[in-house]
Amino acid sequence: MKRKLPTILILLVMVLIGAMHWVDLSYYTDPVTGFVTQGSVWVRYLVLLLPLVMVLLGLRTVGPRALAVLRVRNPVLGALFAVAAIAGGAYGAVAVVSGLAALSAFQIVLGALCVVYAIWMVLCAIQMFTQATPAPTGSALPGVFAALPFCILSVYRVMVNPTSLYRVAPLVSALSAIFAMLWVGMLLRSLYIALPHRRVRWMYFFGAFTFLFSTCLELPSAVFSAMFRSFDLPSLLQGVLMGTLGLVAGAVSVSIAGQAEEPMHMDEDLSPASDGSSKSGVVDSAVP
């Protein structure tokens with residue numbers, strides 16, 4: 001547990017940065033253009049150096065048994081996956097309905113893919129609760145389709161929605177989608193393919209920054225816009241979708257931290273067996 005405390009501290013620092021971002025949106029950002037109205041924009045980016053350095057130092061806590069947390073029963077992670085599934089399903093349904101009303105093919109496709117994402121997250125939640133199978137599905141193809149919404153959002157937010165270093169909110173939105181896309185890709189590989197130790201560290205890194213940009217920065221921006229600017233249900237639910245995914249990513253990063261304190265035995269293999277069963281069996285775990 002001691003080796004998890006640094007990662008928990010990192011996430012708490014990120015939550016504090018999210019609170020600072022809320023204050024920045026409230027008093028020091030133009031609500032229409034998104035430009036900073038007081039102070040230097042570079043000060044905002046310098047603040048992000050603190051969690052960056054902390055996450056790089058936190059990589060030292062990721063040991064050879066890191067992926068074991070995805071091969072054991074974990075009710076906490078299961079509950080978080082279920083919450084993310086509910087958020088994804090809600091946004092997907094609303095996006096499809098609003099897309100049909102506006103005759104927007106983009107919204108319809110994005111909403112349909114988010115429904116697929118929600119179904120896959122439900123299967124991930126079931127796996128975290130039961131570990132009846134070595135992977136959520138027999139094939140990785142459903143997971144690939146579940147990752148597509150974040151690929152589409154990354155392209156849309158970078159190419160369509162104008163981003164600039166001097167417009168903090170759009171840049172945060174774009175980085176949120178990019179980190180979410182990268183983390184979901186690493187999650188897919190960890191669930192269906194045994195990752196080497198160095199790749200697991202990338203999963204820790206992307207998970208922490210997905211939590212920062214999606215949960216601590218984008219979600220408050222979406223809530224702030226809905227409360228004090230113009231209420232748009234699809235935009236709000238999209239922010240909730242990203243925020244809940246970041247919450248899952250942060251919890252997984254906490255879970256895989258500190259596994260170095262329990263070295264893997266030579267006769268133990270936590271990778272999925274070829275006959276569809278886990279070689280090491282299933283272990284109960286209530287702590288992420």
Side-chain angles (χ1 to χ4, degrees), residues 6-62 150-151 153-186 201-229 235 238-250 252-254 257:
T7 304
I8 296 174
L9 176 62
I10 292 170
L11 299 189
L12 290 176
V13 170
M14 292 178 175
V15 171
L16 178 61
I17 292 176
M20 294 168 60
H21 182 58
W22 179 280
V23 175
D24 194 43
L25 290 173
S26 302
Y27 300 104
Y28 309 118
T29 302
D30 186 272
V32 178
T33 64
F35 288 104
V36 174
T37 58
Q38 187 172 343
S40 173
V41 69
W42 300 107
V43 175
R44 277 77 173 173
Y45 298 125
L46 285 175
V47 172
L48 298 180
L49 289 179
L50 176 60
L52 175 61
V53 172
M54 296 179 72
V55 170
L56 292 177
L57 293 175
L59 292 176
R60 298 172 59 87
T61 66
V62 180
F150 306 101
C151 302
L153 281 175
S154 298
V155 175
Y156 178 82
R157 292 179 177 184
V158 172
M159 302 293 292
V160 179
N161 192 21
T163 58
S164 168
L165 289 175
Y166 295 95
R167 301 179 70 229
V168 177
L171 183 60
V172 165
S173 178
L175 290 175
S176 171
I178 292 172
F179 276 113
M181 174 187 66
L182 293 172
W183 185 81
V184 172
M186 296 301 297
R201 289 186 171 186
W202 279 112
M203 185 176 183
Y204 176 93
F205 181 87
F206 291 143
F209 276 91
T210 300
F211 176 80
L212 171 62
F213 282 97
S214 297
T215 304
C216 301
L217 298 181
E218 180 176 352
L219 180 58
S221 296
V223 174
F224 182 86
S225 297
M227 292 177 60
F228 302 109
R229 296 176 186 173
S235 297
Q238 188 178 108
V240 174
L241 161 68
M242 300 299 294
T244 53
L245 177 66
L247 195 61
V248 174
V252 171
S253 293
V254 172

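Computation of the quantities below employed the complete heavy-atom set of this structure, encompassing side-chain atoms and omitting hydrogens, waters and symmetry-equivalent molecules. On a predicted model such as this, the values are computed, not experimentally measured, just so you know.
In this structure Y28 satisfies the ring pair (Phe, Tyr, Trp, His ring centres under 6.0 Å) test with no other residue, sequence neighbours excluded. Every residue meeting the side chain to side chain contact (heavy atoms under 4.5 Å, CB included) condition with L212, not counting sequence neighbours, appears here in chain and number order: M14, I17, L48, P51, F209, C216, L217. Every residue two or more places apart in sequence or in another chain that forms a side chain to side chain donor-acceptor pair (under 3.5 Å) with S173 is listed here: R157. Scored by the side chain to side chain donor-acceptor pair (under 3.5 Å) test, S176 finds S214, E218 as partners (sequence neighbours excluded). Take T244 and apply the side chain to side chain donor-acceptor pair (under 3.5 Å) test, not counting sequence neighbours, and it matches no residue. For S26, there are no side chain to side chain donor-acceptor pair (under 3.5 Å) partners, not counting sequence neighbours. Qualifying side chain to side chain contact (heavy atoms under 4.5 Å, CB included) partners for S154, counting only residues two or more places apart in sequence or in other chains: A177, I178, M181. F228 is linked by a ring pair (Phe, Tyr, Trp, His ring centres under 6.0 Å) to F224, counting only residues two or more places apart in sequence or in another chain. In this structure, the side chain to side chain contact (heavy atoms under 4.5 Å, CB included) partners of S221, at least two apart in sequence or on a different chain, are H21, L25.
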- Would you sort out whether Y27 and T37 count as a side-chain contact (heavy atoms from CB on, under 4.5 Å), showing the intermediate values? CA-CA 8 Å; Y27 300 104; T37 58; over 6 Å; no
- Test side-chain contact (heavy atoms from CB on, under 4.5 Å) on Y45 and V168 and set out the steps. CA-CA 9 Å; Y45 298 125; V168 177; 4.2 Å; yes
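Using a 4.5 Å heavy-atom cutoff, the side chains of M242 and F213 are not in contact. At least one side-chain heavy atom of M54 sits less than 4.5 Å from a side-chain heavy atom of L9. Within the 4.5 Å cutoff, no side-chain heavy atoms of V43 are placed close to those of V36. Considering only heavy atoms from C-beta on, L219 comes within 4.5 Å of V240 through its side chain. Under the 4.5 Å side-chain criterion, counting only non-hydrogen atoms from C-beta, V55 is in contact with Y204.
Separation of atoms CG (L171) and CG (L175) is listed at 4.5 Å; rounding is to 0.5 Å. In this structure, CZ in F205 is found 5.5 Å from CG in L52, a value given to the nearest 0.5 Å.
Considering all non-hydrogen atoms of both residues, A249 and G207 come closest at CB-O, 3.5 Å. Residues G250 and L11 approach most closely at O-CD1, 3.7 Å, considering heavy atoms.
Each salt bridge (charged side-chain N to carboxylate O under 4.0 Å, His left out) pair with one or both residues in residues 31-44, not counting sequence neighbours, appears once here: D24-R44. Residue pairs that meet the salt bridge (charged side-chain N to carboxylate O under 4.0 Å, His left out) test with at least one member in residues 174-185, sequence neighbours left out, do not exist here. Counting only residues at least two apart or on different chains, no salt bridge (charged side-chain N to carboxylate O under 4.0 Å, His left out) pair has a member in residues 173-186.
When I10, L247, V252 are each tested for a side-chain contact (heavy atoms from CB on, under 4.5 Å) with F211, only one passes: L247.
Residues F206 and W202 bring their aromatic ring centres within 6.0 Å.
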